[in-house]
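Data first, discussion second: the structure below is written as structure tokens.
Throughout, residue positions are numbered sequentially from 1 according to the sequence presented. Indexing begins at 1, ligand by ligand and atom by atom, following the structure's order.
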Amino acid sequence: MTATAQKETLDFQAEVSQVLNLVIRSLYSNKEIFLRELISNASDAAEKLRFEALSNDALYEGDSALKIRVTVDPEAGTVTILDNGVGMSRQEVNDTIGTIASSGTRKFLENLSGDKAKDSQLIGQFGVGFYSAFIVADKVTLTTRRAGMKADEGVRWASSGEGSYTIENVERTARGTEIVLHLREDEKEFLDAWRLRSIIGKFSDHIAIPVEMLKEAEPVEEGEEPKAAVEWEQVNRGTALWMRNKSDISDDEYHDFYKNTCHDFEAPLSWVHNRVEGTNEYTSLLFVPTRAPFDMWDREQKHGVKLYVRRVFIMDEADKLMPHYLRFVKGVVDSDDLPLNVSRELLQHDKKIDSIRSANVKRVLGLLEKLAKDEPEKYQAFWKEFGKVLKEGPAEDFGNREKIAGLLRFASTKSEGDVQDVSLDQYIERMAEKQEKVYYITADTLSAARNSPHLEVFKKKGIEVLLLTDRVDEWLVSHLTDYKGKHLQSVAKGELDLGELDDKETREKVEKAAEEHKHLIERVKTALGDTVKEVRLSSRLTESPACLVVDDYDMSQNLARVLKQLGQDAPMPKPIIEINLEHPLLQRMDSETDEDKFDELAKLVFDQALLAEGGQLDDPAGFVHRLNRLMLDMSA
Ligand code: ADP
């Protein structure tokens with residue numbers, strides 16, 4: 001006997017125990033899903049074998065009729081799920097069943113709140129698959145052999161789900177996996193074969209692998225011997241749902257299919273189902289989920305579209321089928337024309353794939369447009385979950401930039417609270433007469449944006465300004481500079497040019513004042529020295545003494561701050577300070593004859609302006625000292 005053949009008792013990783021407890025507790029009200037999860041794993045294993053066998057026929061070991069069988073043993077109190085799929089080696093069992101290795105899982109655990117309702121939703125977004133067996137079983141035995149390995153390389157894994165499991169090598173001639181659930185005392189209802197059939201019908205009708213159960217014995221006539229032969233019958237429909245005519249498919253069927261194949265516990269928000277004929281024939285069935293997965297911001301976040309070729313599963317997460325900014329879309333693409341042995345590398349350069357991808361994008365964007373138009377509430381729900389991802393679109397997909405821009409939603413000075421529900425079209429439609437540009441402000445938080453001094457003149461004139469406070473917004477506006485012929489203009493950049501909105505007199509007044517106060521401007525410039533690029537009079541301010549802006553082509557102060565927070569050492573753009581002559585503080589400065597005092601005041605005004613837009617002071621202690629001196633001066 002080899003060392004690895006010995007029976008070992010191993011502790012679950014701490015995380016596994018945690019997940020197990022949670023699964024049992026929070027999914028209890030929905031306990032029948034254990035069967036769906038195990039059948040879906042079995043079906044994945046069968047499809048995996050089919051794929052591996054494409055390049056190595058021997059893996060079939062002479063039996064290519066893939067199937068899943070479910071049996072009950074009322075006396076032993078067990079339900080068994082058997083598949084002749086790819087199976088697992090000892091190493092694989094250890095790696096996949098006893099450990100939770102992915103960083104996604106750790107994040108999942110970090111996100112747990114202890115609130116049952118919330119946590120079970122989280123579970124839904126996260127595949128706990130196999131562990132759901134412990135909802136109904138107090139002991140689970142899994143016996144498996146990897147296709148292509150020898151009979152003495154079978155593996156048995158057993159656990160009562162309480163902290164540890166055993167693993168040993170066993171003889172197993174049949175390839176694939178057998179899972180025996182020893183039902184808990186109060187879960188004996190699952191020994192009823194009809195109950196199981198109805199659960200399979202509900203959840204697993206559309207998995208393409210046949211699920212079989214024993215035919216119920218015919219009632220035996222008196223005096224007759226009961227028939228000994230066992231007969232199996234297929235209990236799921238077993239056709240790939242996406243191949244059926246869409247007019248024959250009910251919403252419920254789509255929902256069940258989605259939950260099954262995309263491993264989500266919640267029904268999808270919406271979907272598109274298309275068959276394309278011609279030189280590149282394929283079917284696509286794409287879903288927009290209701291809720292974002294917890295790992296959507298992981299760099300390695302998986303894409304959700306599976307690739308099939310003529311009904312054969314080829315690969316998960318086919319990222320070539322959907323661009324990154326639509327990575328939340330899940331579903332299936334089944335091609336009639338790609339070769340079965342298509343590899344990831346091949347996908348990179350395949351024209352057919354490119355054309356499927358761009359058609360997919362059009363379909364999803366079209367679906368979202370329709371949702372936004374016909375079901376605005378649903379669209380708002382979508383936006384809350386996925387809006388930030390969609391905002392990556394204009395930078396990534398130049399060709400569809402305008403289309404994506406039409407789907408964006410923002411908070412604005414004309415909307416309430418923190419809802420993002422103003423579209424660019426809506427903005428343009430209600431623009432003031434003579435207004436030529438779409439104005440926006442970027443800031444760290446919504447209140448920093450709403451209360452920023454930069455908005456003062458816009459508020460006074462009743463001009464709407466979009467409030468952009470997601471991190472991705474800076475990225476967005478650097479790629480989306482125009483929409484339907486209107487320029488998108490930051491209110492914190494460049495000279496304020498309200499175009500025709502400004503009356504001639506105001507402009508002349510500012511020019512004249514600048515001329516008259518040349519001396520003051522010079523003094524401020526001397527006091528602030530290198531900290532600023534320029535000092536000028538403001539026409540944006542009505543209430544604040546000063547604000548900071550940057551040149552049109554400089555990086556915005558907010559972006560520089562975001563980059564700094566992300567640990568990137570971006571040089572801070574040198575700001576321009578704009579001062580408001582109407583403000584009494586500036587008038588007081590103008591009459592200050594003591595240059596030291598003037599100097600202090602100028603620095604205070606600068607620091608204030610930085611604070612008011614949500615910036616951070618380089619020398620906060622210096623600011624406090626200056627302020628204190630000023631306060632003491634006042635009381636003296
Ligand atoms: P998920 O299916 O979300 O990955 P599971 O806990 O359901 O999570 O399963 C973990 C892993 O165990 C699977 O990814 C697969 O590698 C393996 N596995 C589970 N069931 C089977 C099976 N019947 N045959 C082969 N491998 C399986």
Salt bridge (Lys or Arg N to Asp or Glu O under 4.0 Å) against E253, all qualifying residues, sequence neighbours excluded: R237, R244
For D473, salt bridge (Lys or Arg N to Asp or Glu O under 4.0 Å) partners two or more places apart: K391
Between S132, A46, A45, G85, flag the one that comes closest to atom 25 (C) of ligand 1 by a heavy atom. A45
I'd like the name of whichever of L38, N41, T144 reaches closest to atom 2 (O) of ligand 1 through any heavy atom. N41
Taking distance alone, with N or O pairs closer than 3.5 Å, would you say F130 contacts ligand 1? yes
Short N or O distance, D44 and ligand 1, threshold 3.5 Å exclusive: no
Determine whether the aromatic ring centres of residues F130 and F34 are separated by less than 6.0 angstrom. no
Please tell me whether N41 and E37 have a donor and an acceptor in their side chains that are separated by less than 3.5 angstrom. no
Check each atom of ligand 1 against the heavy atoms of D83 and keep those under 4.0 Å away; list them by number with element. 22 (C), 23 (N)
When rounded to the nearest 0.5 Å, the distance separating CG of D63 from OH of Y60 is 9.5 Å
